[in-house]
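Here's the structure we're looking at; comments come further down.
Here the structure is a predicted model, which is why all the values come from computation and not from measurement. Order of listing sets the numbers, starting from 1, for every ligand and every atom in it. Counting begins at 1 with the first residue of the sequence.
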Amino acid sequence: MEDLKQIFAQTKKAFDLPEGMIYLDGNSLGPMTHASRARLIDELDNQWSKKLIKGWNESGWYLLPQVVGDKIANLIGASKGTVTTADNTSINVHKVLSAALSLNPERRVVLSDSGNFPTDLYVAQGIIAKLNETADVPYELKVVTPETVLDAIDEDIAVVMVTQVDYCTGRLHDMEKIVEKAKQLGVKTILDLCHSGGALDVQVEKLDVDFAVGCGYKYFNGGPGAPAFVYVKSSLINDIQPVLTGWMGHDSPFAFDAQYTPMQGIGRMRVGTPSVLGLTCLDAALDVWEGVSLAQVRQRSLELSQLFIDEVAVRCPDLKLATPLNPDERGSQVSFHFDEAYALVQALIARGVIGDFRMPNVARFGITPLYLDEQDIIQAAEHLEDVIKTRSWDCPEFKTKNAVT
Ligand SMILES: *Cc1c(COP(=O)(O)O)cnc(C)c1O
């Protein structure tokens with residue numbers, strides 16, 4: 001325990017957090033590291049401005065999608081060469097869902113759940129609408145409740161696509177059971193790691209999931225709009241005919257061949273020119289993981305989450321816990337139902353305690369041990385108690401919704 005506290009006292013120093021702010025929103029946008037700032041300044045002052053186009057070779061830009069992909073692979077239990085950074089999560093869901101459906105051409109059903117993040121469902125709807133323009137037997141998206149995903153897996157399902165940790169409530173899927181049953185029945189599996197990569201000790205290879213995607217700007221702290229990543233099980237990579245075909249996924253981009261030939265390996269999941277400045281920030285932010293394991297992060301996250309749940313239960317009986325109480329059933333966030341959750345969160349933000357609001361009445365707090373400790377958690381609970389006791393949330397300025405909640 002003391003060892004862990006020391007490790008996390010060190011990692012906290014890597015972050016540039018505003019004085020006095022308690023940041024409980026790293027599950028939505030990770031804070032900036034000092035390393036990202038230094039790296040970005042170097043990229044601007046010494047690479048882009050001085051080297052210009054030579055930077056693609058001399059500053060390592062061309063190799064960066066794979067270099068950063070390999071770093072992320074190491075953090076999600078994947079081998080080198082099975083993960084690449086690319087695009088954003090929605091686009092990567094397009095790529096892997098299209099690939100998974102082509103690997104199961106006799107089947108027509110995509111299974112997902114109502115706790116999935118809407119963009120994943122939107123992508124499925126778009127792909128299915130396109131396929132149904134020409135399909136003899138129509139494709140369908142079957143959306144069940146999170147609790148019934150396992151039961152709903154059968155031999156009609158082509159692909160089961162779930163997000164491991166529910167973005168709203170923090171509920172954690174039992175992925176071992178889902179993947180095991182899917183494998184037995186010939187169902188392809190897609191795992192969205194947006195709320196678990198960098199928060200849980202994810203082991204995609206041990207789990208034997210076929211595809212995974214995730215984003216760079218949440219628990220990996222890559223900065224707003226940081227590139228996302230995509231994992232493909234190594235035995236499948238070269239069987240995939242990419243649906244988004246572009247030169248950066250070509251076998252030989254600088255041959256300028258008129259015919260598309262996919263690159264061997266995970267590189268075929270890339271499409272166009274990578275966002276280099278975003279990648280450099282993400283690359284530097286990942287240095288913070290050098291002295292800490294995901295198992296340690298998970299252990300600490302559960303300790304801090306439990307502390308927050310216990311403190312809030314005593315101080316704020318009006319708040320109803322939306323997150324499972326059993327630690328094995330939750331990710332790294334704690335959410336509460338409250339009728340005026342939006343105003344509540346705004347009142348907290350005004351005091352420097354940053355959480356966020358999700359429809360219809362959820363106040364959500366991310367627990368990120370890399371830069372949070374017991375003192376932060378207790379102070380946040382004290383503010384929460386005060387805001388509720390004094391009803392300071394109950395004023396018009398906290399009730400007007402911003403575009404981003
Ligand atoms: C945050 C998040 C996304 C974000 O997708 P982008 O395309 O990167 O905006 C997708 N899926 C889940 C589950 C998320 O939590």
Contacts for ligand 1, heavy atom under 4.0 Å, by chain and number, are Asn88, Thr89, Ser90, Phe117, Thr119, Asp120, Thr163, Asp192, Cys194, His195, Tyr217, Lys218

What distance separates Asp373 CG from Ile22 CD1, expressed to the nearest 0.5 Å? 9.0 Å

I'd like to know if the side chain of Asp87 pairs up with that of His94 as donor and acceptor (distance under 3.5 Å, no hydrogens or angles considered). no

Does the ring center of Trp393 lie less than 6.0 Å from the ring center of Tyr342? no

Between the side chains of Asp287 and Lys71, is the shortest nitrogen-to-carboxylate-oxygen separation below 4.0 Å, so that they form an ion pair? yes

Passing option when Phe357 is tested against Lys401, Arg364, Gln346 for side-chain contact (heavy atoms from CB on, under 4.5 Å): Lys401

Ser79 and Glu205: side chain donor to acceptor below 3.5 Å: yes

